[in-house]
Number of protein chains: 4
Amino acid sequence: MLAKAGIISQAEARKIERGLRAIEREIEAGKFHFDVADEDIHMAIERRLRELIGPVAGKLHTARSRNDQVVLDLRLYLSEELEEVIELTRALRRSLVSVAEKNVETVMPGYTHLQRAQPVTLAHHVLAYVEMFGRDQRRFAAARESARVMPLGSGALAATTLPIQRQAVARELGFPTVSENSLDAVSDRDFVIDFLAAAALCMVHLSRMSEELIMWSSAEFGFVSLPDEFSSGSSMMPQKKNPDLLELIRAKTGRVMGNLQAMLTVLKGLPLAYNSDLQEDKERVFDTLDTLKPSLALSAKLWPQLVFKTDAMHKAAGGWALATDLAEYLVRRGVPFREAYECVGRMVRDALAQAREPEHMTLADLRRYSPLFGPQALALLSAQGSVRARKVVGGPAPQTVRRRLAELRKELWP
Amino acid sequence: MLAKAGIISQAEARKIERGLRAIEREIEAGKFHFDVADEDIHMAIERRLRELIGPVAGKLHTARSRNDQVVLDLRLYLSEELEEVIELTRALRRSLVSVAEKNVETVMPGYTHLQRAQPVTLAHHVLAYVEMFGRDQRRFAAARESARVMPLGSGALAATTLPIQRQAVARELGFPTVSENSLDAVSDRDFVIDFLAAAALCMVHLSRMSEELIMWSSAEFGFVSLPDEFSSGSSMMPQKKNPDLLELIRAKTGRVMGNLQAMLTVLKGLPLAYNSDLQEDKERVFDTLDTLKPSLALSAKLWPQLVFKTDAMHKAAGGWALATDLAEYLVRRGVPFREAYECVGRMVRDALAQAREPEHMTLADLRRYSPLFGPQALALLSAQGSVRARKVVGGPAPQTVRRRLAELRKELWP
Amino acid sequence: MLAKAGIISQAEARKIERGLRAIEREIEAGKFHFDVADEDIHMAIERRLRELIGPVAGKLHTARSRNDQVVLDLRLYLSEELEEVIELTRALRRSLVSVAEKNVETVMPGYTHLQRAQPVTLAHHVLAYVEMFGRDQRRFAAARESARVMPLGSGALAATTLPIQRQAVARELGFPTVSENSLDAVSDRDFVIDFLAAAALCMVHLSRMSEELIMWSSAEFGFVSLPDEFSSGSSMMPQKKNPDLLELIRAKTGRVMGNLQAMLTVLKGLPLAYNSDLQEDKERVFDTLDTLKPSLALSAKLWPQLVFKTDAMHKAAGGWALATDLAEYLVRRGVPFREAYECVGRMVRDALAQAREPEHMTLADLRRYSPLFGPQALALLSAQGSVRARKVVGGPAPQTVRRRLAELRKELWP
Amino acid sequence: MLAKAGIISQAEARKIERGLRAIEREIEAGKFHFDVADEDIHMAIERRLRELIGPVAGKLHTARSRNDQVVLDLRLYLSEELEEVIELTRALRRSLVSVAEKNVETVMPGYTHLQRAQPVTLAHHVLAYVEMFGRDQRRFAAARESARVMPLGSGALAATTLPIQRQAVARELGFPTVSENSLDAVSDRDFVIDFLAAAALCMVHLSRMSEELIMWSSAEFGFVSLPDEFSSGSSMMPQKKNPDLLELIRAKTGRVMGNLQAMLTVLKGLPLAYNSDLQEDKERVFDTLDTLKPSLALSAKLWPQLVFKTDAMHKAAGGWALATDLAEYLVRRGVPFREAYECVGRMVRDALAQAREPEHMTLADLRRYSPLFGPQALALLSAQGSVRARKVVGGPAPQTVRRRLAELRKELWP
């Protein structure tokens, strides 16, 4: 660009580029010598360039300042890393979708307040997480766009008198747009906050999923058995499997939330333009990536290896958790909701008093509570029947879940 | 919708609607009686509806649950509030643009590390904030889209057996889309986090602006005089004006950051689906809106009333802060940047030793350091000249700033 | 004090005191008229005093400033509130101790990683919380001492020229000490942080306890039944009891953590001395007290009403969770720990393969794994036996727990 | 202890101790081989011990578990580190006291709301920080006591059947007390929170001090010149000194606040007893120490090298900031405060209108506003006079500050 704009000659540009290519090879070959005296990577490269091509190396830094360069570096880096994070999020969703596809009919209890509430299926439950990570994926994509603003040319804070072509640089770097204010450009770290906020929320989702698996793998729930690779055992108590990985993911959520908080605190009350406080950005970003990426990757790897104890799930899904469906049956027959609800409530209380399971109810039993009950009501008297009947968009019925899975398959395996 | 889907009759629907309209009028007239025994607004309305239209009121709650209703309420509320927040953000930007338009030529120092670095203009400085709040505006718009997902039909957690038409409800409520998983729908508060994160960052921007005005209004800077309305005085020390409002905005940033952190903490590790922990969402949202909206509105009101002491600004912008421009002059003449930088460095050190201001330098003086200096270099020897020369996109030159202002005027006064 | 120091006359002091007493009665009787124009409580009282006793009211504010007064008010307020918080913490501990006293022999599983690990007793488990809240009690006491520093006399920031007697004022207000630096005194809010940090940690403890009760009250654990007063039911599903209160306490932990974070953020980077940012302190303190106090009080009220399902607990405590004790038996016989551990590990694996419970093992069975097993080893082959054997200080053995309970009874019912 | 309690023989104990001493020497000599397969330091040592002394090494782990060992390690480590932190805090206070001792008469403005309010001295200002760090020192000491509770013997969660002597172990390790509940002991990280909260508040104090020095070193304030060692310059602009170190300290406050928040989040809602989530404690502690210790040490090193521009300070302290003292003069003569305040307010307004400085006022001038002004009032008409008159405890008068310095010298150089 400097050559095209006539700020340096074509010959100088070629010489500099050749030098930089040589340095690139040295770095890739691990032969580049880093020296603390160079202070930063930019000075290190310019120093080496001078050794390779002589004083013309001094033209490398033309129309640049450390302040606009460091923020460019971070934007380039984060933009690339976010591509990877997005792909990891997609991979996790693919992994969950594959598990769901195998469990469209696997009935299990749905919980509110950690109390069994209504039967759902494992597929339906897993798809709740696919939705969450779908939002995370979009959030990471938005954070990436937020990072892709080209700041070079902003100088230390006040731009440059040199006739540079900023849009051309943006194009070459693959950035769709350039920053519109030099003071803002060198002091803006909003894109870091966007990333950290998206990462914190994604970790919150991972922690919710981990919490559930930890509970499901307890003796009390007994819904799942963890693969050895993701748990630590005890040589004395072979049945004990500690869900270490899941506990660590749950814990590290706090860490990423702390990184978000730290960076917001750094920016709060900071006057324009560049201040060294901004240097804290890099460690917060690195630490967050080092936490987030393996958390996503390991979760994706874990799910296909989980062994679900579908009998225990099915057993826990039984009982009167399907009562709401019976009430809705009456609603369809014209009974006001409140009335239907009370009528079925009476039936459940009586049945519990007599320890009767829904499967053992006859049509006559039902009609004792309302003459509106017909034969189709009997189909609701099992967890499967209950699940099958809830086929509205977003519901757990196998046909609904299969339709959603088909959409997700198209999206995730394009 | 219930009538269209044949779940209730058209007559019932009309009766319920008439009843609800009557209740609406009672609420607007302040005549509606709220009773703690009703537990929540939904029950209060159903109770009153029953008084007005009899047992058919029991059909109001058909195919609904408190769990999907509360999240719908919050989504509707936040969606509306965010429209207002977006408009307040635009109004602040308009206010700042108007101040900038009057100060395109008002030279002032640009700072890095709170040290005077290079001359800029007040317009250029103010536009840095217009960019920040522009990003906030986009973030609030994204948060609003995040809120506009229609959850009704998800029931308590597991959808409904009733043949409802969810997309139709979404259309009537003005929501572009419906939730795709009932377990997720009743437990998802991502849209709250999206709002709180956007609000926290916007407050950070407001705090940065406030911090600068607090410093600018100190005796030491003396750049600005605050209007009485926005400061508290002292009857004994009439010259003292305490920037209370600005200090409060700066402080309340911590509060909104705390709300974000609180809500992330609430969600961390929460199993599916609905848990009462989620009730904390509303107070965090209300408190954030009650903080954010007046902070935006008062900042917008404040700026046009600020009295800028342009003489003090101009004076502080003088001196050798323009040295970088001289170095760039040499760069344009082919001198490598590092060499040019060192040459001008020598000149500045000598001038400071002799207490010579740039305005007093002659061409001969300049040429003592480099024969490449020509007559145009003299134009750079004043803060104005320096500013005028930095006309690259994003730079402070009046012509560049005027172009950006024209774009902003088009965007903000459509 | 002003009269004793000769700054005002005894007659004036008496007149002012009489006036203030009259105002106190007006406030207590609800007859005091507050006017927004008074700006704050101090001005309101001085205005009313002037109405009652004339111009000598103007001497009330002698040697005082709003800046030292507001911090005194907050210190007095927090000091009194903390007395109550400490008493509430003690009451919660008493409540827990009473539950423990009734359950010294109630065997239940102890968990690590939410996996059953070794049998303990309910009393032992509950006492873990008594220890936690004991630390909170000490932390609140330290926060109270931190609040009890008398700032009056610091003026707006730079003390006063009047010959006041600060220690005398401190004595009258019941404060053990006076602040040593006027700039620090008006800008110090460390005592607020001390309180908020103690409150956040106490809420974390309450949230841990709540989390456990939520899990224990699930169908899967089935360890406890919540009283109706502290849970919400479902008219249709009478067996469902939602632990709302516990979920709310768990959630509100995030809120108090947010308050702590908010206040730290307010103080970060604030120059000396008084800044209006500090006004944020009061709402953070009020909101924290309004959250903490009921959380403590309701938890104390809840515990005695819990119905423990000791059969389920006992059943869950059984099985090979006592294997560690057998290994330690061998250690006492001189077998190195690692070796003993592996030997018992083999036994457990074989037993599990044959579905044999420890109760069914004979001495001969044990001796097949090690000849060192003697008849006393059989006593370890039940959860009770296992618990009884762990009688070291801090252990779950009934005799140890009773000793600790006796100490706590002495401390908490003095 | 194991030998004294008869759990292992004296010979075995001697053998194990000799082996451990040998390992200690290997570690100190850098010859110890760490192997990832050992999982942790405890296993690594036991493995090496076995190589050195044979199977009796298997007795090392007797009556111990990884869960009680890791918390002991952290308690020992933090206890030692806190001794160093306390000493660093004392060293910073000594450094500040030394600066104060040289500046007891150096007049400067005291600020409220960043507006010049009343004259104080540099010594008085610096002592405000000495008070703050004095509180930090006490807080670190309390955090250290909180760490010094001996958990060994708690086993994995449920203590041990072996007849160990826990108090004896505590005595040998220099801990004043043992934990009273095994479940609590392995899951308690309150002492980590105590440290992180104390560290966060200390960093807040360091950030406040840094913020002031950053402002004081701006051209606008011009109160201080930073040593080259603690600032970065510009070869072209030799007068520019960027306060990098101070900006970094200010920024890293957010990081430590984030660590506190992260650890609170980790603990929130965690069931008893040990969970792997607790592993996050170590990195939060290490990172906090790595931030806090150099921040304290560098601040202590910085202060004696600061060059104060006392002329600029003195000049800024002048003017009518002393008006409050004149009002108090009238109060001493019996004028009610409000009246005195208004009278002096008139005088200041007139003087400002005529651009008259206090130094130029005569007794006749004063008496035009109140006949009660006497010759001693003239002594108040300079910043020095004003400062000297405020000699109440905690005030800025040189005699008061000298008394406080003498107390501090006794405390800090015992």
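Atom set for the values below is all heavy atoms of this structure, side chains included, hydrogens, waters and symmetry mates excluded.
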Can you tell me if CD on E39(B) sees more than 12 non-hydrogen neighbours from other groups inside 6.0 Å? no

Honestly, the part of L270(C) sitting under 4.5 Å from a heavy atom of chain B is side chain

Between N275(B) (side chain only) and D277(B) (backbone N and O only), is there a donor and an acceptor less than 3.5 Å apart? no

Name, in order of residue number, those residues of residues 255-269 of chain C that have a heavy atom at a distance of less than 4.5 Å from a heavy atom in chain B; otherwise write 'none'. R255(C), M257(C), G258(C), A262(C), T265(C), V266(C)

Please round to the nearest 0.5 Å and tell me the distance separating atom CG of L226(C) and atom CG of L246(C). 6.0 Å

Side chain proximity check, Q69(C) to L72(C), heavy atoms < 4.5 angstrom: no

Checking heavy-atom separations under 4.5 Å from chain B, one finds in residues 182-218 of chain C none

What verdict does the side chain to side chain contact (heavy atoms under 4.5 Å, CB included) test give for D73(C) and H42(C), after you've listed the backbone C-alpha separation in whole Å, the side-chain angles of each residue and the deciding distance to 0.1 Å? CA-CA 10 Å; D73(C) 294 351; H42(C) 309 117; 2.7 Å; yes

How long is the span from the CG atom in N242(C) to the OG atom in S232(C), to the nearest 0.5 Å? 4.0 Å

Determine, for D35(C) against R47(C), whether the closest basic-nitrogen to carboxylate-oxygen distance falls under 4.0 angstrom. no

Would you call L306(B) and S225(B) a side-chain contact if the rule is heavy atoms closer than 4.5 Å? no

Side-chain contact, heavy-atom cut-off 4.5 Å: L245(B) with I249(B)? yes

Do D68(C) side-chain atoms and G153(C) backbone N/O form a donor-acceptor pair below 3.5 Å? yes

With rounding to the nearest 0.5 Å, note down the distance linking CD1 in I164(B) to CG in L152(B). 7.5 Å

Would a 4.5 Å heavy-atom cut-off, applied to side chains only, mark K293(B) and E81(B) as touching? yes

For chain C, which residues from residues 278-291 of chain B lie under 4.5 Å away (heavy-atom distances)? Q279(B), E280(B), E283(B), R284(B)

Within a strict 4.5 Å, meaning less than it, do heavy atoms of the H61(C) and E46(C) side chains meet? yes

Looking at every heavy atom in both F223(B) and A316(B), which two are closest together, and how far apart are they? CZ-CB, 3.8 Å

Side-chain contact, heavy-atom cut-off 4.5 Å: L157(B) with Y274(B)? no

Are there residues of residues 295-302 of chain B whose heavy atoms fall under 4.5 Å of chain C's heavy atoms? If so, which? none

Quick check against the 3.5 Å criterion: does K241(C) have a side-chain atom that pairs as donor or acceptor with the backbone of S231(C)? no

Less than 4.5 Å apart, side chain to side chain, heavy atoms only: is that true for R116(C) and T112(C)? no

